[in-house]
**Student:** 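This is the structure, below, for whatever I ask next.
Order of listing sets the numbers, starting from 1, for every ligand and every atom in it.
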Amino acid sequence: MRQYERTVFCGAVTTAQLEKNVALCGWVHKRRDFGNLIFVDLRDRSGLIQLVFNPTTSPQAHADAHALRSEFVIAVTGVVTPRAPGMINSDLPTGQWEVQVESLTILNKAKVLPFSPEDTQVDEEMRLKYRYIDLRRPVMHENLALRSKVLFAAREFFIKEDFWEIETPILTKNTPEGAREFLVPSRGAKGEFYALPQSPQMYKQLLMASGIERYFQIARCFRDENTRADRQPEFTQLDLEMSFVQESDVIDLMERLFAFLWKRIFAQELPIPFMRMTYDRAFAEYGNDKPDMRFENTIHDCTPLFKNTELSFLHAVLDKGGKIGGIHLANTQFTRSEIDGWSDRVKELGGQGLLWVRIKEDGSLESPVAKFLPSTFFESACQVFSGLGPNSILFMVAGEYKPTWELLGKLRLALGEQLGLIPAGQFKFLWVTDFPLFEYDEQSKQWSAVHHPFTSPQAGWETQELGQMKARAYDVILNGIELGGGSIRIHDAQMQDKVFDLIGLTKQQAQKKFGFLLEAMELGFPPQGGLAIGVDRFIMLLTGSKSIREVIAFPKTASAYDLLMESPTIVPEEQLKDYGLCVIRKKEK
Ligand code: ASP
C-alpha cells in the first residue's frame, strides 16, 4: 500500500472537489495555531490551499499538527468545504475553500531555514547557496515554467519546419580563441585536453556538409571569460543552421519563430517583419550595435553647427578630425543642479564634459557658452533636430567619433531610464545587418573577426581595406539587448584560407586548428547560414527579470563560482597524477 496519496494539487482545488475527499501533499507554508483550531497553508507547485485541523473531528491529526513548522513536508487527507463567508481570501485562487483534515503524515521535518521562501530581501549569495529554497518561490517557478514552455514551443516550431534536432559533442577541440575555453583533461590521453565548446559552430557546419540541410539544437555552451556582471560560464543557445540559404531566409525563419512563440506564450500577434538597420546607421544614431528602439532621442551629428566656432576647446577637437554629437530632450525642465549631475555623468563615462544649450520659454538660448553661439544657432539646430522648441535642451559631447558616439549611446540609455522615456511592457525587435567583417584590437595590434572567422564577407571584399570589409552577418536585438546573431558562412576553402590569413593565422596554424574544416570544404561543402539565440537572455527579457541568474536553475556567481556545490575545487594530488597533471599552487598568504 502507498504511504500517502495525492488526488489533487493544492492550487487546483475547485468546486469540483467540494464536499469530496481529497489527498494532498506539499510544504507547510504557514501555520497558525488558535489553540482550538490549527490552520496550515499547504503549498505545492500549483499554489496554496488552507488546511484546518479540528480537535473535535480529527483529534489525532490535530494533535500531530502541533509539531508542524514552516517547510515541513506533509501529506494529508480530508474533505473540501466552503470557508465561512467572512473568511474568504479573495487574493488566493483557492481562497473560497479549505480542507478539513482527517489524517496527517509528516514526510519530512525541516529545521529552521536559513531564509524563508517568502523573504524578498535575501542576499544573493544566500539565495545561490540554498538555491533549492530560493527556487521554491513562485516567481522562480514561473520563470522556470516559462523557460520550459518557450523551449518546448521552439522545438515544436523547428520540427514543423522540417529541422532535425541533433546533439553535438561537449568534449571537443581546443580552437583559436583558446584562452576563452574550458579545458578538460583525460586519464586516457595524459597531458592532452579536450575543450568545452563555446558554441556548436563547427559541428553544425559539418552537419551541413553531411547533407542534414536543417539542424537545430538547444545547446549548452561554455566560455571561460573574464567575469562580467551578467555572464555565466555556461549558458544555453538555441542554435540552428541551414543549407542553400541567404540572409533573408534565416531572418524570415526567425521572425516566424518569434511570432509563433508570441502566440504560444502570450496569445498575441507579434508584428513581423521586424525593423532592420545597418550597423553604420545603428552606431551613428544609437552609439552602439544594439539599439533600444523603445524610445527616440537619437544621436545627431552637430558638427556643422559649430563649423566656425570661436570656442577653442571645440576647435581643438574639430582640428583633429573629431566630431560633436548631440541628443535632444524635448519638454524638460532640468534644474541647474540636474544639468550638473548629467555633466558629471558624462565625465564618469570618460567624456571631457557636457556642452548644453537650453531653449527657454521665450525662444532665447541659455548655455554656459551662449555668447559664443551664432545668432542663427536655433535655426541651424532645427535643421539637425526635429521638434526643437521652447523647453528643449540639447546635450552635446565633442571628441573622436567612435568613443564619443559610444559615450552618447550610454548617455542616451541613462537619460531614457532616468527620465522614464522607455515605455514599460513593450517588446521592440530589430535586425542589425552589414556589420564590419573585422575589428582592430589596439592592445594586441591585431585584426580579428567581429562575429567568428567562418562568417562570409560581402561582395567586393577582395579589393577593400580590412576595416571597410562588411560581413554577411545579422544580429537580432530585443529592447536594446542582443538576443543572438548569425551569418552566412564561408563555404569555399580558398576564401576561408584568406580570412584566416587576414586575422594573422599562418597556414600551419590554420591547418592545425581547422584542417578538418578546410578539408571538408574541399569534399562537397554546401553554402550555408544560421544563427544562435541566447536562451537565458531571451527568457530574462520575457519574464522581465533583472539578471539571467533569475532564469537559470543553478547559476554560478558573477565570479563563476558554484556556491551550492562549492566548485571549482582543489583536486587531490593523487587524482591529478591519473591525468598526468601537476598544478602550480598559489602560495598561501
Ligand atoms: N555560433 C555563433 C555564436 O555562438 C552563432 C552563429 O553564427 O550561428 O555566436
**Student:** Check ligand 1 against L531 and write out every atom of the ligand that is under 4.0 Å from a heavy-atom position of the residue.
**Tutor:**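 By the 4.0 Å cutoff, the relevant atoms are 8 (O).
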**Student:** Hey, can you tell me if F500 and F514 have their rings parallel, tilted or perpendicular (30° and 60° cut-offs)?
**Tutor:**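 Ring orientation, 0 to 90° scale: parallel.
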**Student:** Going by the rule ring-ring contact (aromatic ring centres under 6.0 Å, His included), which residues pair with Y401 if we only count those two or more places apart in sequence or in a different chain?
**Tutor:**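 So Y401 forms a ring-ring contact (aromatic ring centres under 6.0 Å, His included) with F283, W405.
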**Student:** Please confirm whether M202 comes under 4.0 Å of ligand 1, counting heavy atoms of the residue only.
**Tutor:**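 M202 does not count as a contact of ligand 1 under the 4.0 Å cut-off.
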**Student:** So W447 and Y440, would you call those rings parallel, tilted or perpendicular, with 30° and 60° as cut-offs?
**Tutor:**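 W447 vs Y440 ring planes: tilted.
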**Student:** For atom 5 (C) of ligand 1, which candidate among S487, G485, A473, S199 holds the nearest heavy atom?
**Tutor:**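 The nearest heavy atom belongs to G485.
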**Student:** Once the angle between the rings of F216 and F158 is folded into 0 to 90°, is it parallel (under 30°), tilted (30 to 60°) or perpendicular (over 60°)?
**Tutor:**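 Parallel, since the angle between the ring planes stays under 30°.
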**Student:** State the atoms of ligand 1, each with its element, that fall below the 4.0 Å cut-off from a heavy-atom position in K204.
**Tutor:**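 So the atoms of ligand 1 that pass are 6 (C), 8 (O).
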**Student:** What protein heavy atom sits nearest atom 3 (C) of ligand 1, and how far off is it?
**Tutor:**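 Protein heavy atom with the smallest distance to atom 3 (C) of ligand 1: Q237 NE2, 3.9 Å.
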**Student:** Out of all atoms in ligand 1, which are within 4.0 Å of some heavy atom of R223? Include the element for each.
**Tutor:**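 This gives 4 (O) as the contact atoms.
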**Student:** In Å, rounded to the nearest 0.5 Å, how long is the span from CG of D497 to CD of Q511?
**Tutor:**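 D497 atom CG to Q511 atom CD measures 7.5 Å (nearest 0.5 Å).
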**Student:** At a 4.0 Å threshold, what atoms of ligand 1 neighbour a non-hydrogen atom of Q201?
**Tutor:**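 Answer for ligand 1: 1 (N), 2 (C), 5 (C), 6 (C), 7 (O), 8 (O).
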**Student:** Angle class for the F429/F258 ring planes (parallel below 30°, perpendicular above 60°, tilted otherwise)?
**Tutor:**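 Tilted.
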**Student:** Step by step, work out the salt bridge (charged side-chain N to carboxylate O under 4.0 Å, His left out) result for D301 and K323.
**Tutor:** CA-CA 7 Å; D301 187 355; K323 280 181 171 293; 3.0 Å; yes
**Student:** For ligand 1, is there an atom lying under 4.0 Å from some heavy atom of E241?
**Tutor:**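 No heavy atom of E241 comes that close to ligand 1.
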**Student:** For ligand 1, is any non-hydrogen atom under 4.0 Å from R489's backbone (N, CA, C, O), its side chain (CB onward), both, or neither?
**Tutor:**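 Near ligand 1, R489 shows its side chain, while the N, CA, C and O stay back.
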**Student:** Please state which part of H451 comes within less than 4.0 Å of ligand 1, counting heavy atoms only: side chain, backbone, both or neither.
**Tutor:**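 Neither; nothing of H451 gets under 4.0 Å from ligand 1.
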**Student:** For ligand 1, which atoms sit closer than 4.0 Å to a heavy atom of G486?
**Tutor:**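 Counting from 1, the qualifying ligand atoms are 6 (C), 7 (O).
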**Student:** What do we get for E482 next to ligand 1 when only non-hydrogen atoms under 4.0 Å count, side chain, backbone, both or neither?
**Tutor:**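 None of E482 does.
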**Student:** Could you pull out all residues at least two apart from K556 that satisfy salt bridge (Lys or Arg N to Asp or Glu O under 4.0 Å)?
**Tutor:**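 For K556 the salt bridge (Lys or Arg N to Asp or Glu O under 4.0 Å) partners, ignoring immediate neighbours, are E234.
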**Student:** One residue to check: Q198. Relative to ligand 1, which of side chain, backbone, both or neither has a non-hydrogen atom less than 4.0 Å away?
**Tutor:**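 Within the 4.0 Å criterion, Q198 makes no contact with ligand 1.
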**Student:** What I want to find out is whether D280 reaches K470 closely enough, with some N-O distance under 4.0 Å, to be called a salt bridge.
**Tutor:**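 Yes, charged N to carboxylate O under 4.0 Å.
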